[in-house]
Amino acid sequence: KILVFWSLVWNAIEAFLYQIILLVHQAVLFMTIDKNLFGLQGALFAFLFLAITLFNGSFDTAIIPFFRNFCASRKNFKSLLIYCYFWQTGFLFFGSLIGGFISITLFSSSIFLQPFSSFSSLVLLSLFVGLEGLKKNARAILHLSFENKLVTCIEVINIIIYVSWIWTSY
């Protein structure tokens, strides 16, 4: 019971800090940049996180009923990493790259996609989708292992790095 209590406390701390930092960042960004650019970046992130959800294939929730089995032995955990996580990682990266090519091909005349139609932009966006999907899966495994304090530290440091990167490059 105590482990569950502290897990919930760390989840609440993470959610609060993450959302406050993101809210302040978005508010300042809204006041700083052109409104069209703000809308474009919002639409881009919405599309990217939809792609993460689609290409992840609910791996993060599908492992929940089997997690105890995976943790029963080293061999079982290795099978989780090799047979499940490895293939899921490949699908995330290559699926997002192929999805990006298809999107640019189908909607090449779209004003929205023109800034992202270069190959380097496509690779960077696919890398983003792949890495965020990996992070989402790793986060689920850590939560199932009751490593919520570690997840909180990683997520808060992640959002601080993201916001710092945006504002130092601005």
Does some side-chain heavy atom of [Y] sit less than 4.5 Å from a side-chain heavy atom of [X]?
X      : Y      : value
Phe45  : Phe128 : yes
Ile157 : Ile160 : no
Phe38  : Leu29  : yes
Trp6   : Val9   : yes

Search all heavy atoms of [X] against all heavy atoms of [Y] and return the closest pair with its distance.
X      : Y      : result
Ser96  : Val129 : CB-CG1, 3.5 Å
Asn148 : Ser7   : OD1-OG, 3.1 Å
Gly95  : Phe55  : O-CZ, 3.1 Å
Asn11  : Thr152 : N-OG1, 4.5 Å

Among the clusters formed by ILVMFWY side chains lying less than 4.5 Å apart, do [X] and [Y] turn up in the same one?
X      : Y      : answer
Ile161 : Val156 : no
Leu54  : Phe47  : no
Leu44  : Val163 : yes
Phe49  : Ile159 : yes
Trp167 : Leu37  : yes

Can you tell me how far [atom2] of [Y] sits from [atom1] of [X], rounded to the nearest 0.5 angstrom?
X      : Y      : atom1 : atom2 : value
His143 : Ile64  : NE2   : CD1   : 10.5 Å
Ile13  : Leu17  : CD1   : CG    : 7.5 Å
Arg139 : Leu144 : CZ    : CG    : 11.5 Å
His25  : Ser164 : NE2   : OG    : 10.0 Å
Leu142 : Lys135 : CG    : NZ    : 12.0 Å
Lys75  : Phe70  : NZ    : CZ    : 13.0 Å

NZ/NE/NH1/NH2 to OD/OE distance under 4.0 Å, Glu14 and Lys149: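 Result for this pair is no, no salt bridge flagged.
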
Could you tell me whether the side chain of [X] and the main chain of [Y] form a donor-acceptor pair under 3.5 Å?
X      : Y     : value
Lys35  : Phe30 : yes
Ser73  : Asn76 : yes
Ser126 : Phe93 : no

Donor on one side chain, acceptor on other, Asn56 and Gln88, under 3.5 Å: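 Per modelled atom types, Asn56 and Gln88 side chains form a pair under 3.5 Å.
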
Partner residues of Lys136 under the salt bridge (Lys or Arg N to Asp or Glu O under 4.0 Å) criterion, sequence neighbours left out: Asp60

Whether Tyr162 and Trp165 hold their rings parallel, tilted or perpendicular, with breakpoints at 30° and 60°: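 Tilted: the ring planes of Tyr162 and Trp165 meet at 30° to 60°.
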
Audit row: Leu92, Asn137, side chain to side chain contact (heavy atoms under 4.5 Å, CB included) steps and yes/no: CA-CA 11 Å; Leu92 274 166; Asn137 293 338; 4.0 Å; yes

